[in-house]
S.K.: 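The structure is given below, and queries will be raised subsequently.
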Amino acid sequence: MIMLNPHFYLLLLCFFLSSFYSTRTVANELTYKQLGQLHEAANNGFVEDDDGFIWIGTQNGVMKWMGEELIKYTPDNTSLLGANISAIAQASNGVLWIATLDGGLNKYNKLTNEFVHIKGGDSVTVSSIGGWRQVQPLALVDNDELVFISEQRLIHLENGVFRQISFADSNKDLTGAVFCQAKACYIGIEGGLVLLDLVTDKTTVYPYLSGSTHPLHINKITNIDGLIYLATKHHGLLQFNTQSQLFTTLIPYENKPISNFTYDTLKQQLWLTHSPSIGLSQFTVATRQVESYFNKASKLNPLSDVRIDGILFSKRNQLLTFTLGGDLGAIEEKLFTNIT
């Protein structure tokens, strides 16, 4: 039997430990890369079309980012009616619907490169379809059917006809958050959530009861695996269960309004922005784990001065943003390893 020197085992142990520590991830930092300068204040219109082009609504037209350059569409150089863009959405047929604050509703056909203004017939009196005051007022139901908010009224467009929808507690202000899936639409109102069934026109109001002095104000709504997620101004990130009809707090408020979010389907994570304050959070749906970035001035990092307004998770698995300063950028994870 061969007896090995005890120092041999010590050297072998050090080898395995060094191998382990050389690959172990010990830190995760986000970096910001500027992709383009918009030169305009951006609004919440921020979508990626089927060709991978990014569309951004600004206060002076629509910007299209093609990876290398930004193309600007305005009423001066196109048939677009209205320059102050409030929302953009893409239908399954590839047509872009573009809402404006000063010209009403347009849709863009990429095959003809033309914007068409939607006048529509009126089944009820809708005197000023263009007077939209909310931030996120547009939700597609189907290719030519949508629900939007105009001057504190809920409007349904189907087959070229506008009609106003009334609901219980209609004296409550609409917060501007609208989300539709199939024929079910969720709409944010002051103090609660409204479910609209477009088949029956039935509306159901779910009040949010809390001890806060601020009523519920919903900024954005989405559906993940049958559960409704709500980004709110004064109550953090909420989840609404349609079966139990109960609200659950996932991220408490802590003086940080949640203005927007986007969903990474691969990692099942919500990325949340906290504008107008500096802040970005990552919420993992399965574990409910929350990780916040650049929220404290004492912890300086590459994102400490970036005020994110719009956010989008692209088909290229990129986290794209536009900022209050008018930048189009990408946020990427940078992994650090401890090398022994």
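Hydrogens, waters and symmetry mates are skipped; everything else that's a heavy atom, side chains included, is used.
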S.K.: So do the side chains of L96 and V47 get within less than 4.5 Å of each other, counting heavy atoms only?
M.R.: yes
S.K.: When rounded to the nearest 0.5 angstrom, what distance separates CG in L319 from CD in Q282?
M.R.: 9.0 Å
S.K.: Are a donor atom and an acceptor atom from the side chains of D264 and W271 found within less than 3.5 Å of each other?
M.R.: no
S.K.: Using a strict cut-off of less than 4.0 Å between a Lys/Arg side-chain nitrogen and an Asp/Glu carboxylate oxygen, indicate whether D201 and R163 qualify as a salt bridge.
M.R.: yes
S.K.: Tell me if the centroids of the rings in Y186 and F179 come within less than 6.0 Å of each other.
M.R.: no
S.K.: Can you establish whether the number of heavy atoms outside K233 located under 6.0 Å from its atom NZ is more than 12?
M.R.: no
S.K.: So do I221 and L193 actually touch side chain to side chain, heavy atoms under 4.5 Å?
M.R.: yes
S.K.: Within the 4.5 Å heavy-atom criterion, are V205 and I189 side-chain neighbours or not?
M.R.: yes
S.K.: Working to the nearest 0.5 Å, report the span between CG of D197 and SG of C185.
M.R.: 9.0 Å
S.K.: Could you tell me the separation between the OG1 atom of T175 and the CD1 atom of I218, rounded to the nearest 0.5 Å?
M.R.: 5.5 Å
S.K.: Taking atom types as modelled and ignoring hydrogens, do the side chains of Q164 and H156 form a donor-acceptor contact shorter than 3.5 angstrom?
M.R.: no
S.K.: What distance do E158 atom CD and L198 atom CG have between them, rounded to the nearest 0.5 Å?
M.R.: 7.5 Å
S.K.: Please walk me through it: do W65 and F46 pass ring pair (Phe, Tyr, Trp, His ring centres under 6.0 Å)?
M.R.: CA-CA 11 Å; W65 182 57; F46 197 26; 9.5 Å; no
S.K.: Can you measure from CE (M63) to CD1 (I56) and round to the nearest 0.5 angstrom?
M.R.: 7.0 Å
S.K.: Under 3.5 Å, is there a donor on one side chain and an acceptor on the other for K220 and N260?
M.R.: yes
S.K.: Does atom NZ of K183 have more than 12 heavy-atom neighbours, drawn from other residues, nucleotides or ligands, at distances under 6.0 Å?
M.R.: yes
S.K.: With the threshold set at 4.0 Å, does a side-chain nitrogen-carboxylate oxygen contact exist between K107 and D144?
M.R.: yes
S.K.: Kindly state whether the ring of Y208 and the ring of H235 have centres lying under 6.0 angstrom apart.
M.R.: yes
S.K.: Within the 3.5 Å criterion, strictly below it, is a donor on H274 or S281 matched to an acceptor on the partner's side chain?
M.R.: yes
S.K.: Looking at side-chain heavy atoms only, is the closest gap between Q245 and Y206 below 4.5 Å?
M.R.: yes
S.K.: Quick one, L328 and Q34 - any side-chain contact, counting heavy atoms below 4.5 Å?
M.R.: no
S.K.: Go through V306 and L280 one step at a time and tell me if the side chain to side chain contact (heavy atoms under 4.5 Å, CB included) criterion holds.
M.R.: CA-CA 10 Å; V306 180; L280 177 70; over 6 Å; no
S.K.: Given side chain to side chain contact (heavy atoms under 4.5 Å, CB included), test D327 with Q37 step by step and report yes or no.
M.R.: CA-CA 5 Å; D327 286 340; Q37 181 69 28; 2.3 Å; yes
S.K.: Are Y73 and L81 connected in the hydrophobic side-chain network, where two residues link if heavy atoms are under 4.5 Å apart?
M.R.: no
S.K.: Test side chain to side chain contact (heavy atoms under 4.5 Å, CB included) on Q239 and L230; report intermediate values, then the result.
M.R.: CA-CA 6 Å; Q239 181 188 87; L230 310 171; over 6 Å; no
S.K.: Should the ring pair F240 and F247 be called parallel, tilted or perpendicular, given that the plane angle runs from 0 to 90° and is split at 30 and 60?
M.R.: tilted
S.K.: Would you check if L138 and L146 make a side-chain contact, meaning some heavy-atom pair closer than 4.5 Å?
M.R.: yes
S.K.: Nearest 0.5 angstrom please: F322 CZ to D309 CG, how far?
M.R.: 5.0 Å
S.K.: Indicate, with yes or no, if the rings of F148 and W97 have centres closer together than 6.0 Å.
M.R.: no
S.K.: Using the rule given for salt bridge (charged side-chain N to carboxylate O under 4.0 Å, His left out), can you reason through E333 versus K267, listing the C-alpha separation, both sets of side-chain angles and the distance that settles it, and then say yes or no?
M.R.: CA-CA 13 Å; E333 291 185 335; K267 296 182 179 179; 3.6 Å; yes
S.K.: Using the ring of each side chain (for Trp, its six-membered ring), is Y108 parallel, tilted or perpendicular to F115, with breaks at 30° and 60°?
M.R.: tilted
S.K.: Check the side chains of N223 and Q181 for a donor-acceptor pair under 3.5 angstrom, ignoring hydrogens and angles.
M.R.: yes
S.K.: Give the C-alpha distance, both sets of side-chain angles, the deciding distance and a yes or no for salt bridge (charged side-chain N to carboxylate O under 4.0 Å, His left out) between K110 and D51.
M.R.: CA-CA 10 Å; K110 62 183 178 182; D51 297 320; 3.2 Å; yes
S.K.: If every non-hydrogen atom of N219 is compared with every non-hydrogen atom of S259, which pair is closest and at what distance?
M.R.: CB-O, 3.6 Å
S.K.: Is there a side-chain contact between L312 and T321 (heavy atoms, below 4.5 Å)?
M.R.: no
S.K.: Let's go through L250 and L238 carefully: what are the C-alpha distance in whole Å and the side-chain angles of both, what is the deciding distance for side chain to side chain contact (heavy atoms under 4.5 Å, CB included) to 0.1 Å, and is it a yes or a no?
M.R.: CA-CA 6 Å; L250 301 177; L238 301 179; over 6 Å; no
